[in-house]
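These values consider heavy atoms only, across backbone and side chains, with no hydrogens, waters or symmetry-generated copies. A, B, ... follow the sequence lines: proteins, then strands. Residue 1 opens every chain. Treat the numbers as computed from the prediction; the structure is a model and nothing was measured.
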2 protein chains.
Amino acid sequence: MNAPVLPKDVKGSPETVTTGPVTGSHKVYAAVGGRDDIRVPYREITLTDPNEAPVRVYDPSGPYTETDARIDLSAGLPQIRAPWIAARGYATAEPRAVKPEDNGFASADKLVAPCPAERTLRKAAPGQMVTQYEFARAGIITEEMIYVAHRENLCREQMLDRAEAALADGENFGAAVPPFITPEFVRDEIARGRAIIPANINHTEVEPMAIGRNFLVKINANIGNSAVTSSAAEEVEKLVWSIRWGADTVMDLSTGRNIHNIRSWIIRNSPVPIGTVPIYQALEKVGGDPLKLDWEVFKDTLIEQAEQGVDYFTIHAGVRLAHVPLTARRVTGIVSRGGSIMARWCLAGHRESFLYERFDEICDIMRAYDVSFSLGDGLRPGSIADANDAAQFAELETLGELTKIAWDKGCQVMIEGPGHVPMHKIKVNMEKQLRECGEAPFYTLGPLTTDIAPGYDHITSGIGAAMIGWFGTAMLCYVTPKEHLGLPDRDDVKTGVITYKIAAHAADLAKGHPAAQLRDDALSRARFDFRWEDQFNLSLDPDTARTYHDETLPKDAHKVAHFCSMCGPKFCSMKITQDLRAEVLAMEEAGQVVGQAPAMSEAEAEAGMREKSREFLAEGGKLYVDAAE
Amino acid sequence: MNAPVLPKDVKGSPETVTTGPVTGSHKVYAAVGGRDDIRVPYREITLTDPNEAPVRVYDPSGPYTETDARIDLSAGLPQIRAPWIAARGYATAEPRAVKPEDNGFASADKLVAPCPAERTLRKAAPGQMVTQYEFARAGIITEEMIYVAHRENLCREQMLDRAEAALADGENFGAAVPPFITPEFVRDEIARGRAIIPANINHTEVEPMAIGRNFLVKINANIGNSAVTSSAAEEVEKLVWSIRWGADTVMDLSTGRNIHNIRSWIIRNSPVPIGTVPIYQALEKVGGDPLKLDWEVFKDTLIEQAEQGVDYFTIHAGVRLAHVPLTARRVTGIVSRGGSIMARWCLAGHRESFLYERFDEICDIMRAYDVSFSLGDGLRPGSIADANDAAQFAELETLGELTKIAWDKGCQVMIEGPGHVPMHKIKVNMEKQLRECGEAPFYTLGPLTTDIAPGYDHITSGIGAAMIGWFGTAMLCYVTPKEHLGLPDRDDVKTGVITYKIAAHAADLAKGHPAAQLRDDALSRARFDFRWEDQFNLSLDPDTARTYHDETLPKDAHKVAHFCSMCGPKFCSMKITQDLRAEVLAMEEAGQVVGQAPAMSEAEAEAGMREKSREFLAEGGKLYVDAAE
């Protein structure tokens with residue numbers, strides 16, 4: 001690893017950010033679309049078996065995982081989008097002057113300096129095309145669309161003959177995942193409102209990514225400052241650590257002192273889209289009293305954060321006065337912070353939400369920078385008892401109404417979802433969201449499938465996340481083991497991210513995503529061949545896999561041992577089977593019939609077809625040759 | 001806690017076993033059926049709110065969690081079933097003489113003494129009714145059936161008006177979970193072969209439990225000796241630790257030295273059914289060479305273990321010669337140890353499995369002690385690529401054939417299932433098993449829903465376990481984080497058990513099990529009321545929940561704080577909502593209409609009906625009164 005250059009002028013502990021490749025892999029960039037300014041990143045895992053092609057996996061970790069990463073937090077990341085944005089000809093603008101309340105009135109001695117990286121503020125004029133949605137509707141393919149098309153394909157270039165569709169035997173509940181993703185497909189999905197590319201024109205460092213039902217399922221990690229900490233580098237490290245393990249977007253939920261300046265450090269150094277909940281900062285500006293909130297302070301906060309480059313805003317405009325009474329008899333009432341703040345505001349003055357009434361103006365502000373909407377589910381259920389109730393669904397219907405307004409205004413939109421939902425009530429959430437919100441991407445928190453395991457809610461929610469991801473949710477917001485109990489530490493964040501990568505991948509497999517099973521198969525072959533290093537390196541967490549193995553079989557010799565610690569050398573089932581396989585294949589070659597073949601079962605028939613398509617594909621690409629061949 | 005009396009004469013480290021109640025709860029016994037010799041155990045969690053009834057939860061942990069537990073491993077647990085069995089009048093028998101190979105030829109200095117607890121060996125004569133299946137078919141309700149009927153009901157006594165059926169709004173895919181479980185219902189389920197009570201007549205210490213689709217979903221934990229360890233107390237502690245956290249049955253997969261004698265310690269001190277895989281010990285007796293296996297050594301091993309009191313045997317009689325070639329082209333071949341051993345044996349001599357050919361005799365031996373069958377899935381898939389293939393389903397069809405033979409012989413039967421299966425292929429496994437095996441209980445390992453996360457396979461499998469449990473699987477075999485990598489330690493076992501308790505409970509909720517949501521609702525009310533202690537104690541793992549909370553908010557004051565660490569005191573959504581609720585309810589009482597009520601949505605209608613049934617139930621039992629009332 002190569003120690004990053006750290007900000008000189010940042011107060012707080014001189015933290016370092018984590019750099020260097022994830023164990024067993026290295027970063028590769030593929031120049032695509034015949035343009036050397038569009039370089040798509042992958043993490044490539046090289047295997048010890050020369051017959052095994054390296055496995056390329058989706059990689060949101062940015063330059064931090066390059067082999068010789070040179071990171072300078074003060075300069076920020078390379079502005080890969082700068083030339084694309086510049087070519088679109090937006091006027092430069094004067095940044096809004098920073099006010100003391102933007103940083104929570106931090107006193108001079110406590111003030112964290114803003115990130116010194118120089119950036120040009122840009123803003124679209126009224127009527128000037130700026131959002132990915134507007135370009136898509138106009139039939140224009142942007143660089144961002146080309147980038148995500150290639151990024152989503154992973155190894156699918158080897159499968160252009162489309163035959164792999166035969167292998168994609170999943171159930172996708174009406175999704176339209178294509179065998180191969182083209183820039184035109186991306187444009188069309190965005191134009192239909194079925195996908196978004198959250199990318200503020202002032203976040204030129206972002207590596208474009210797509211959120212939509214017909215793309216890989218994504219995950220989000222939440223970070224935030226805690227009372228005690230806060231050097232800028234410390235906050236940036238939370239981001240770097242989250243994306244290292246696979247977070248596709250990060251929401252900064254910080255409150256209190258220095259949030260404006262620390263946000264500048266986070267955005268300038270983030271290769272993934274950053275989301276925020278502006279109402280949090282607006283509330284701080286009025287001293288934490290919901291009743292003091294008004295449109296002016298909220299509007300000012302939207303502009304402040306949009307100029308900084310935030311890529312998506314959670315806006316709780318679906319919490320209307322009429323919905324509040326629907327929550328009164330709930331077991332856990334309103335559990336969303338934004339939702340409870342707005343409900344408080346509405347009920348106090350017995351007035352309609354200003355977010356709802358000013359929604360047009362909110363759209364105009366967000367459109368000018370291409371900030372995407374994440375329409376917040378302020379009334380999501382906070383317990384199994386409240387799942388799918390009147391309040392939740394009334395808000396969802398309002399979010400559907402707002403989605404269409406935002407589209408008319410040219411904005412990109414996704415919809416936030418629950419929460420706490422038992423397994424049998426998950427599917428209807430997805431179906432209703434698709435129906436009410438015109439297939440706009442769904443972005444859910446879990447859902448948690450039971451309330452009885454605080455301390456393990458990454459698991460109670462991982463179950464629901466995998467299922468709703470399969471049903472069609474485009475992005476899953478992670479839950480850590482500390483949910484409901486405390487603030488996640490470094491290990492909790494990693495556990496949360498890995499758990500959600502599992503849920504997202506299990507969903508991709510079940511949907512029949514053409515390339516998803518490549519990694520499973522490569523790992524399974526490594527397992528069967530006792531290629532321990534390959535098995536570790538193909539894991540979502542190579543370090544933990546290796547550590548667990550070494551606890552039982554520490555000796556290096558065992559890394560190549562042809563047995564595993566469960567059975568030991570004496571009778572390892574895998575070893576026995578390897579011998580069996582050789583024998584059976586030999587006997588078959590000799591034309592011997594082994595036993596009496598059972599009647600052809602439907603399963604066998606299916607397997608036969610599968611085998612056929614395998615053989616066919618074998619020509620297409622080495623990766624699909626069965627290990628047995 | 002009260003230190004248990006430890007065996008004096010056991011070699012190895014003087015370990016102690018864990019005793020005393022799980023934090024925040026105490027053991028209660030309810031004498032049922034008007035008989036003081038049938039005392040059903042529950043774990044009762046008392047809450048700090050006087051308006052909250054204590055919550056009773058299912059408790060497989062045995063006498064070890066009594067407040068003043070007095071444990072004497074040398075004497076074994078109380079023989080609660082002894083009088084029931086004695087009354088059935090089986091002849092006493094002379095135990096088979098222990099042979100050196102039974103203990104892996106352990107030399108005198110290494111030999112662990114057997115458990116000295118005195119027990120009378122009993123065996124049914126041919127034609128003499130002995131199995132729960134035989135009694136059930138004859139229309140006889142046994143003490144074991146009465147015991148499990150009450151055990152399964154938990155708090156359902158308060159719901160005899162049956163109205164709670166309205167609350168059980170789950171989807172159970174054709175299961176027949178009744179509002180209230182009677183001994184006659186248990187008898188009928190066993191007579192239909194849809195449930196079993198694994199209880200060897202020589203395991204008089206077992207607290208009867210039921211495994212069946214129409215009962216609570218159960219979980220199994222695997223334990224086994226490791227090369228390094230082995231005092232008897234150390235092995236018993238693995239059992240005690242597993243059941244403390246909720247394991248309903250335990251499989252002893254030990255191999256090597258002292259297994260016969262250590263097994264005697266485990267069984268004499270186990271309140272839960274113990275399962276084994278006899279082929280493992282049989283293989284040891286012939287020096288680990290599958291080709292040296294024969295019927296005689298296997299038969300002798302069955303009798304040896306049946307006499308000791310093992311409650312169920314995994315028998316891989318479904319691995320037939322003709323199935324072996326179906327595995328040759330698999331990515332991961334045969335991953336079951338028993339399966340690979342039998343495949344090896346069949347192929348070597350090109351002969352049919354002796355387990356299959358001698359199945360009648362196996363039934364006769366097991367029937368005489370009421371040892372239940374766990375028909376092993378020796379050909380379960382070991383990877384996503386091999387899921388639902390010809391080999392797996394061919395074996396399942398054979399297991400269906402064997403199930404009917406075992407029933408004709410009077411034996412209790414459950415069926416083992418996969419393995420590694422992507423989400424979209426899970427349901428067909430359940431459907432095919434129900435069809436092929438006449439609704440005999442399904443007992444699955446996971447399934448793992450992806451192969452790419454070694455180190456986290458408790459999670460990849462917990463997702464599949466929750467789903468297949470919902471679809472109808474009766475018992476879930478746990479998977480620990482060390483799966484595929486190494487041997488689980490104490491923490492891994494606890495993590496595996498808690499993860500599977502989550503999966504099983506999520507499944508019970510989704511199936512609409514009438515009493516399942518009581519605990520979720522109690523915990524949710526505690527959360528909303530900021531009753532932190534109650535929230536911790538209602539958790540599956542109170543200690544971890546408390547620890548996580550204290551890491552962020554260590555001060556005791558915070559245990560009663562009316563805010564949580566996520567939002568902090570400034571604007572806690574829960575706090576805001578509590579105020580809102582009060583206001584709304586007050587306004588409504590004053591006849592004010594809050595906002596414009598939205599059109600009655602289907603969700604609202606549904607909620608209305610739900611509310612009605614709640615009100616109705618409120619009369620039935622305090623537990624069902626909504627927290628808001």
### Query
Is Glu171(A) salt-bridged to Lys427(B), cutoff N-O under 4.0 Å?
no
### Query
Looking at Ala466(B), Pro422(B), Ala391(B), which has the largest count of heavy-atom pairs under 4.5 Å with chain A?
Ala466(B)
### Toward chain A, the part of Leu538(B) with a non-hydrogen atom under 4.5 Å
backbone
### Message
Taking side chain as everything from C-beta outward and backbone as N, CA, C, O, which of these in Pro481(A) sits under 4.5 Å from a heavy atom of chain B? Side chain, backbone, both or neither.
### Response
both
### Query
With respect to chain A, which residue among Leu509(B), Thr449(B), Thr544(B) yields the maximal number of heavy-atom pairs within a distance under 4.5 Å?
Leu509(B)
### Message
Counting only non-hydrogen atoms closer than 4.5 Å, does Ile334(A) touch chain B with its backbone (N, CA, C, O), its side chain (CB onward), both, or neither?
### Response
both
### Whether Asn388(B) side chain and Lys425(B) backbone form a donor-acceptor pair below 3.5 Å
yes
### Contacting moiety of Glu588(B), where chain A heavy atoms sit under 4.5 Å
side chain
#### Entry: All salt bridge (Lys or Arg N to Asp or Glu O under 4.0 Å) counterparts of Arg344(A), not counting sequence neighbours
Glu583(B)
### Query
Heavy-atom distance under 4.5 Å to chain B: side chain of Glu352(A), backbone, both or neither?
neither
### Message
Can you see whether Asp457(B) engages Thr460(B) through a side-chain donor-acceptor pair at a distance of less than 3.5 angstrom?
### Response
yes
#### Entry: Arg519(B) side chain near Thr450(A) side chain, heavy-atom distance below 4.5 Å
no
### Query
Do you know which of Met467(B), Arg527(B), Gln392(B) has the most heavy-atom pairs under 4.5 Å to chain A?
Arg527(B)
### Task
Find the one option among Asp451(B), Ile452(B), Leu540(B), Leu523(B) whose heavy-atom pairs under 4.5 Å with chain A are most numerous.
Ile452(B)
### Summary
Of the listed Ala545(A), Pro454(A), Gly338(A), Ala348(A), the one with the largest count of heavy-atom pairs under 4.5 Å with chain B is Pro454(A)
### Summary
So, the part of Ile498(A) with a heavy atom under 4.5 Å from chain B: the answer is side chain
### Task
Locate the shortest heavy-atom distance separating Leu485(B) from Gly455(B); write the atom from each residue and the value.
CD1-N, 3.4 Å
### Message
Which atoms of Ser336(A) are under 4.5 Å from chain B, going by heavy atoms: the side chain, the backbone, both sets, or neither?
### Response
backbone
### Ring geometry between Trp532(A) and Phe536(A) (parallel below 30°, tilted from 30 to 60°, perpendicular above 60°)
tilted
### Distance-only polar pair, side chains of His424(B) and Asp169(A), donor-acceptor under 3.5 Å
yes
### Task
Just give me the residue among Val584(B), Asp520(B), Ile463(B) that pairs up with chain A most often, heavy atom to heavy atom, under 4.5 Å.
Asp520(B)
### Those residues that, when tested against Asn172(A), pass side-chain contact (heavy atoms from CB on, under 4.5 Å) (two or more places apart)
Ala175(A), Lys511(A)
